[in-house]
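Presented below is the structure to which this report refers.
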Amino acid sequence: MTALVRYVLAVTLHSQRYLAPVLAFLAVVSVLTTNDNGPLQPVYVSSAGAMLLCTTWLAIAVIGAESPAERAIITVAAGRSMRVLLASIATVWLGCVVLAVVGLVLPLCLGSHPVAGADLLVGMEAQLACAAIGTAVGVLCSRLVIRRQGYGLIAALSLLLAVVLVPVLSPVHALFRLMSSTSDAAELIAPVGGLLAVGVVSLAASSVAAQFIADRRA
């Protein structure tokens, strides 16, 4: 599995498809947090929102970095198509962890905020929760499920709006509401951690669904 992840990572870096979502993340966080003051929790909502957009884009880019023929060859070499998808998701999450650290530190450099360990922990949990949901959306809108990129883009934008605006559809709405209304980070550690767990379960379910659809089409 390690070799497969290294291969997917190499293909992603070589294709440079990661550049656009990464630059979008940096731009959004920089614009929304420059010269900001006060509690960190509302600030980290901006980082989490940027992570949601970035990971959706990044997942679509990583899964679509290879042509169908190339992916078929890798699937044969890997033995199972699900292993290839898991390697793609692992590659996305390697990038997410790096960006989450940037999302924690950059607001501290661009603004003036009182900082505590609980603030950083909640900020990391929030970003990873949005990374899980964003990756889930990206997997469902990738070439595995929607072969035409234009339709995939429309589906991704529609799903992103839905997971942000519809309370019962994903933990993102509840996450943003909690972090915007609660200034004490210590009170948020447990509930935001629970929302992160829901996001991971959602990612697992979307991965199984996407692979099932892809296998039925093969």
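Annotation for Ala118 and Ala186: closest pair CB-N, 3.9 Å, computed over non-hydrogen atoms. Closest approach of Cys54 to Pro21, counting heavy atoms only: SG-O, 3.4 Å. Taking each heavy atom of Ser47 and Phe25 in turn, the nearest pair found is O-CE1, 3.7 Å. Contact record, Ala126 with Ala48: O-CB, 3.9 Å, taken as the closest heavy-atom pair. Heavy atoms only, all atoms of each residue included: Gly138 and Ala59 are closest at CA-CB, 3.9 Å. Across all their heavy atoms, Val139 and Ser206 have their closest contact at CG1-O, 4.0 Å.
Put simply, the side chain of Leu178 reaches to within 4.5 Å of the side chain of Pro191, judged on heavy atoms. Within the 4.5 Å cutoff, side-chain heavy atoms of Ile63 are placed close to those of Leu85. Counting heavy atoms from C-beta on, the side chains of Tyr44 and Leu120 come closer than 4.5 Å. At least one side-chain heavy atom of Ser207 sits under 4.5 Å from a side-chain heavy atom of Ile89. The closest side-chain heavy-atom distance from Val164 to Leu52 is below 4.5 Å. The side-chain heavy atoms of Ser46 and Val29, taken from C-beta on, include no pair separated by under 4.5 Å.
Under the 4.5 Å side-chain contact rule for hydrophobic residues, Ile146 and Leu140 do not share a cluster. Transitive grouping of hydrophobic side chains (ILVMFWY, heavy atoms separated by less than 4.5 Å) brings Leu128 and Leu86 into a common cluster. Both Val8 and Val22 belong to a common hydrophobic cluster when Ile, Leu, Val, Met, Phe, Trp and Tyr are linked at side-chain heavy-atom distances under 4.5 angstrom. Linking Ile, Leu, Val, Met, Phe, Trp and Tyr whenever their side-chain heavy atoms come within less than 4.5 Å puts Leu175 and Val200 in one cluster. If you chain together hydrophobic residues whose side chains sit under 4.5 Å apart, Leu4 and Leu58 fall into the same group.
Taken to the nearest 0.5 Å, the CH2 atom of Trp57 stands 14.5 Å off from the SG atom of Cys141. If you take OG1 on Thr55 and CG on Leu203, they are separated by 9.5 Å, rounding to the nearest 0.5 Å. Here the CG atom belonging to Leu195 is positioned 11.5 Å from the NE2 atom belonging to His173, to the nearest 0.5 angstrom. To the nearest 0.5 angstrom, Met51 atom CE is 13.5 Å from Ile133 atom CD1. Gln211 CD to Leu144 CG: the interatomic distance, rounded to the nearest 0.5 Å, is 6.0 Å. Within the model, atoms CE of Met124 and CG of Leu196 stand 11.0 Å from one another, a figure rounded to the nearest 0.5 Å.
Take Gln149 and apply the side chain to side chain contact (heavy atoms under 4.5 Å, CB included) test, not counting sequence neighbours, and it matches Arg143. Listed by chain and number, the residues in a side chain to side chain contact (heavy atoms under 4.5 Å, CB included) with Leu53 are Leu160 (sequence neighbours excluded). The side chain to side chain donor-acceptor pair (under 3.5 Å) check on Gln41 picks up Asp119, with sequence neighbours excluded.
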Please list every donor-acceptor pair under 3.5 Å in which a side-chain atom of residues 92-109 meets a protein atom from a residue at least two apart or in another chain.
residue : atom : partner : partner atom : Å
Trp93   : NE1  : Thr135  : OG1          : 3.4

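Contacts classified as side-chain hydrogen bond (donor to acceptor under 3.5 Å, both in side chains) and involving residues 11-20 (residues at least two apart or in different chains) are not found.
Cluster partners of Leu153 are Leu157, counting Ile, Leu, Val, Met, Phe, Trp and Tyr whose side-chain heavy atoms approach within less than 4.5 Å, directly or via other members.
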